[in-house]
Amino acid sequence: PTVAAGPVGIRLSAPSGYHPSLRVVDRVGRLVARIGVPESGQPIVWRPLDREGRRLAAGTYLVVLQGDGERLVRKLVLK
């Protein structure tokens, strides 16, 4: 898992034309944030804020990348 106390860097490498969604869910699967996905190859820096702009509580979250019938999940631990 990735452990972070502040902004989280995310790198994606995807073919052109691939438009995935990137979201953060809590341990029971509730959506807590959506992360905008720029054009392929551009870095993403996500500040761990919820959809209302509040800092997420310390704990374990899942970052879910989904698109074109594929799904990739990574664990994120916020301090």
Side-chain angles (χ1 to χ4, degrees):
T2 298
V3 178
V8 177
I10 301 170
R11 279 198 279 170
L12 302 175
S13 178
S16 71
Y18 181 69
H19 301 290
S21 68
L22 188 57
R23 54 196 174 91
V24 180
V25 298
D26 64 14
R27 291 177 54 158
V28 295
R30 289 180 296 219
L31 177 67
V32 296
R34 290 189 187 278
I35 302 172
V37 179
E39 290 298 314
S40 181
Q42 304 227 352
I44 299 169
V45 177
W46 175 66
R47 288 177 172 63
L49 306 174
D50 69 12
R51 294 183 292 168
E52 278 77 46
R54 298 176 297 231
R55 179 149 184 353
L56 290 175
T60 301
Y61 297 87
L62 298 175
V63 179
V64 181
L65 176 71
Q66 191 162 357
D68 290 347
E70 296 181 332
R71 179 180 163 136
L72 179 65
V73 179
R74 294 289 185 259
K75 188 183 291 187
L76 171 65
V77 178
L78 294 178
K79 290 182 171 183

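Minimum interatomic distance between I44 and V37 (heavy atoms only, all atoms of both residues): CD1-CA, 4.5 Å. The nearest pair of heavy atoms linking E52 to D50 is N-OD1, 2.8 Å. L56 and W46 get closest at one heavy-atom pair: CD1-CH2, 3.6 Å. Closest of all the heavy-atom pairs between R47 and P7 is CG-CG, 4.1 Å. Across every non-hydrogen atom of P48 and L78, the tightest pair is CB-CD1, 3.7 Å.
Taking CG of L62 as the reference point, atom CG of L72 lies at 11.0 Å (rounded to 0.5 Å). Rounding to the nearest 0.5 Å places CZ of R51 at 11.0 Å from CZ of R23.
For R55, the CZ atom sits in a packed shell: over 12 heavy atoms of surrounding residues, nucleotides or ligands are nearer than 6.0 Å.
Exactly one of V45, V24, L65, V8 qualifies for a side-chain contact (heavy atoms from CB on, under 4.5 Å) with I35. That residue is V24.
Note on L76 and V25: separate hydrophobic clusters, where clusters join Ile, Leu, Val, Met, Phe, Trp and Tyr whose side-chain heavy atoms are under 4.5 Å apart, directly or indirectly.
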